[in-house]
There are 2 protein chains.
Amino acid sequence: MDYADFSVASRLAHIRPFEVMRLLARAQALQAQGRDILHLEVGEPDFPSPPAVIEAGQAALAAGQTRYTPACGIPELREAIAAHYQRMHGVSVDPARIVVTPGASGALLLAAALIVNPGDGVLMADPTYPCNAHFMALFDADIHRLAVGPETRFQLTAELARANWRAHDRLLMLASPANPTGTVVTLPELAQMAEFAREQKAALLVDEIYQGLVYDGASHTALEVADDALVINSFSKYFGMTGWRLGWLVAPEAHIEAVERLAQNIFLAASTPAQYAALAAFSPETQPLLEARRLAFAERRDFLLRELPKLGLKTPVIPEGAFYIYCDVSALTEDSFTWCEELLEATGVALTPGRDFGQTDAERWIRIAYTCDVPRLAEGLARIARFIEQRRML
Amino acid sequence: MDYADFSVASRLAHIRPFEVMRLLARAQALQAQGRDILHLEVGEPDFPSPPAVIEAGQAALAAGQTRYTPACGIPELREAIAAHYQRMHGVSVDPARIVVTPGASGALLLAAALIVNPGDGVLMADPTYPCNAHFMALFDADIHRLAVGPETRFQLTAELARANWRAHDRLLMLASPANPTGTVVTLPELAQMAEFAREQKAALLVDEIYQGLVYDGASHTALEVADDALVINSFSKYFGMTGWRLGWLVAPEAHIEAVERLAQNIFLAASTPAQYAALAAFSPETQPLLEARRLAFAERRDFLLRELPKLGLKTPVIPEGAFYIYCDVSALTEDSFTWCEELLEATGVALTPGRDFGQTDAERWIRIAYTCDVPRLAEGLARIARFIEQRRML
């Protein structure tokens with residue numbers, strides 16, 4: 001037909017589908033056939049939203065809290081988030097700098113729209129979470145994905161940034177803890193990168209979506225050393241509120257007005273019931289529950305780190321946070337994507353191939369999400385062991 | 001301080017704050033002082049979310065529906081929206097073409113990201129809803145706001161589009177019923193504009209956010225005459241679900257894959273509790289309630305259309321839909337913004353000045369939102385009448 005033959009914007013060429021979606025669709029098809037599928041590919045905590053959050057959401061609905069809120073969120077939630085920074089990190093953040101958003105997605109959208117002109121350079125690590133790169137592609141940035149590896153714990157450093165900086169770069173983007181590698185940027189390194197960004201009159205954007213899910217040492221925020229950084233956060237992961245779609249952006253004081261203007265236009269406001277529900281995420285009864293969940297994640301990570309080497313799955317860097325382990329499978333395959341496909345067909349274990357996260361050397365990596373309990377993880381490892389053994393005998 | 005001295009993206013110069021926000025802030029300050037404020041500026045229905053929607057939301061939370069849904073929405077909601085098109089408009093829409101979004105904002109974002117390259121031309125009417133223009137500015141479009149007036153019922157026509165089309169224009173944007181004017185584009189006119197867009201290999205984007213709120217004649221959708229149009233809709237206005245932030249985009253079949261790819265990256269998915277709650281918006285018990293509300297809006301409109309001329313507030317075009325009346329106040333002032341400010345201070349009546357919607361001749365217009373009941377509207381008109389009388393005597 002002649003219809004709809006307008007061409008799509010050229011940015012679509014730079015916004016790729018998630019490869020894991022094909023695997024996920026296949027996993028679901030196998031599940032529908034009655035196969036027992038072990039989902040080690042899902043970036044969503046297996047824990048439900050905390051009971052107090054559910055109850056607060058229901059109470060908000062009963063009270064008719066279904067109208068628009070101010071564009072930057074209800075004042076009590078912005079204050080609760082500020083109090084959270086004070087309590088967890090000893091850092092004082094003006095609630096006026098905290099913008100409540102529809103998921104961390106909304107926060108990334110605001111940050112990218114605020115900073116990136118078409119053609120502006122953005123420096124980020126490779127591997128990275130694909131959406132983070134795609135938000136920059138959305139605004140037609142010239143993305144520079146710098147290959148990093150175990151030697152820098154898969155993170156950019158100030159030294160790398162300086163050595164690879166281009167004249168048109170205007171944004172330095174980090175994630176800590178990072179997806180897919182689970183690694184954390186230290187405070188001194190964050191401070192150096194913030195200083196480098198300042199020198200360049202560039203912006204520093206730090207994705208802290210997995211903040212709180214840290215298992216070695218204290219959890220930190222870039223705000224402790226750089227109150228001019230743009231910081232992205234979410235109620236999805238640590239607070240277990242994925243489907244509510246609620247996150248926040250901390251913006252530098254100088255840009256609050258512009259961010260609010262964008263928020264008014266881009267999404268009007270975040271979900272009202274979700275905002276009231278999220279107040280309960282900081283309640284005294286929820287805090288110990290979240291800590292118990294963090295310890296459960298730590299136990300899973302420790303189990304995997306102990307068991308994976310026995311299968312020949314190498315983890316050259318200990319992930320301190322998030323709920324992912326990035327494994328080197330190059331001893332087993334030259335093509336982790338096909339390996340994941342075959343593993344799924346043969347065993348029902350779903351993993352995410354490195355190709356979703358990296359462009360350089362991606363075929364040697366896979367991501368394991370420990371979003372199921374230790375017995376299920378053990379079952380998954382047993383199946384992977386049998387799969388490897390069978391392939392070895394071919 | 002030296003901090004955060006990165007410059008913001010140049011698009012910010014084209015994304016203006018809503019002028020009405022200043023008025024709203026002043027109105028709220030007056031209210032806090034104990035003044036009785038008549039809010040005729042608010043673009044939000046005064047009716048709460050329907051009881052069945054609230055109950056469905058609570059039930060969804062009780063059932064633990066707080067996880068991510070597929071990026072384009074839960075299948076049952078996409079099917080319910082398709083059934084709605086069939087029932088209300090006799091038009092068959094494949095549920096695969098319906099993408100559930102975080103508010104109509106999410107739908108506009110998808111559409112703009114899909115179509116607009118930096119520098120691409122976009123043709124739209126002036127006056128228009130400011131967000132519609134700002135979404136195009138977000139993607140650095142070259143926006144062409146064509147001044148239209150009562151002679152075309154404040155709408156573009158195929159003839160006007162043809163006469164004013166530029167070589168780099170790639171998108172023709174309409175709203176029906178429109179904000180701020182409440183006017184509707186007829187089906188034959190829609191068909192002609194769709195045909196014109198096809199000739200130009202351009203896209204046609206129709207904002208139908210106020211669909212269903214039509215008081216003269218039947219409610220229509222562009223999909224009846226153009227299944228290659230991109231159509232934006234919302235649960236906010238007709239369905240009374242503003243704060244839930246839920247809308248949808250109908251995309252042409254040829255672009256479904258690209259739209260889904262964008263949705264995966266830009267917002268992952270819309271709010272899960274909101275999606276389950278919205279299923280009840282189509283329930284047999286909710287339908288008569290929404291119809292009763294539509295009739296209440298019609299009564300308010302008729303009341304205003306009868307009374308406004310007596311005050312010298314001219315409505316040269318009868319608005320058939322939405323809940324707005326666009327009034328010509330040029331007989332009373334040369335500067336509707338200042339007039340609105342003075343009216344608010346003197347009487348506590350809040351209106352929206354034309355400057356928020358139009359660039360050409362905006363100072364002669366104001367928008368009245370009939371989002372309060374007839375007695376309050378009558379009180380508002382009485383205060384406006386006294387204000388006009390007092391000024392006349394000065």
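Protein chains get the first letters and strands the later ones, always in sequence-line order, with residue 1 at the start of each.
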If you count heavy-atom pairs within less than 4.5 Å of chain B, which of [options] leads?
options: A/Ala113, A/Ala277, A/Ala194; value: A/Ala113
options: A/Gln275, A/Glu44, A/Arg16; value: A/Glu44
options: A/His134, A/Gln200, A/Glu55, A/Met241; value: A/His134
options: A/Arg245, A/Arg67, A/Lys201; value: A/Arg67

Where on [X] is there a heavy atom nearer than 4.5 Å to chain B: the side chain, the backbone, both, or neither?
X: A/Ile115; result: both
X: A/Phe18; result: both
X: A/Leu230; result: side chain
X: A/Asn265; result: both
X: A/Pro51; result: neither
X: A/Val116; result: backbone
X: A/Tyr129; result: side chain

Which atoms of [X] are under 4.5 Å from chain A, going by heavy atoms: the side chain, the backbone, both sets, or neither?
X: B/Tyr68; result: both
X: B/Leu171; result: neither
X: B/Ala202; result: backbone
X: B/Ser49; result: both
X: B/Ala62; result: both
X: B/Ala112; result: backbone

Chain A interface, residue from B/Gly103, B/Ala60, B/Ser10 that has the most non-hydrogen pairs under 4.5 Å: B/Ser10
Count the heavy-atom pairs under 4.5 Å between each of B/Leu109, B/Leu108, B/Leu246 and chain A, then report the option with the highest count. B/Leu109
Evaluate the criterion side-chain contact (heavy atoms from CB on, under 4.5 Å) for residue pair B/Cys131 and A/Leu268; output intermediate values, then yes/no. CA-CA 9 Å; B/Cys131 288; A/Leu268 300 188; 4.1 Å; yes
Can you find a heavy atom in the side chain of B/Arg11 that is under 4.5 Å from one in the side chain of A/Pro118? yes
Can you tell me how far the [atom1] atom of [X] sits from the [atom2] atom of [Y], to the nearest 0.5 Å?
X: B/Phe267; Y: A/Thr101; atom1: CZ; atom2: OG1; result: 14.5 Å
X: B/Asn117; Y: A/Ser7; atom1: CG; atom2: OG; result: 7.5 Å
X: B/Leu262; Y: A/Leu12; atom1: CG; atom2: CG; result: 5.0 Å

Using the six-membered ring wherever Trp is involved, compare the ring planes of A/His255 and B/Phe6 and label them parallel, tilted or perpendicular (cut-offs 30° and 60°). tilted
A/Leu61 to B/Leu61 - nearest heavy-atom pair and separation: CD1-CD1, 4.3 Å
Between A/Gly243 and B/Pro273 the two heavy atoms that sit nearest each other are O-CD, 3.7 Å
So B/Val53 and A/Thr66, side-chain contact (heavy atoms from CB on, under 4.5 Å) or not? Walk me through it. CA-CA 10 Å; B/Val53 168; A/Thr66 61; over 6 Å; no
Would A/Ile266 and B/Leu138 satisfy side-chain contact (heavy atoms from CB on, under 4.5 Å), going step by step from the backbone distance to the final call? CA-CA 9 Å; A/Ile266 296 179; B/Leu138 190 67; 3.7 Å; yes
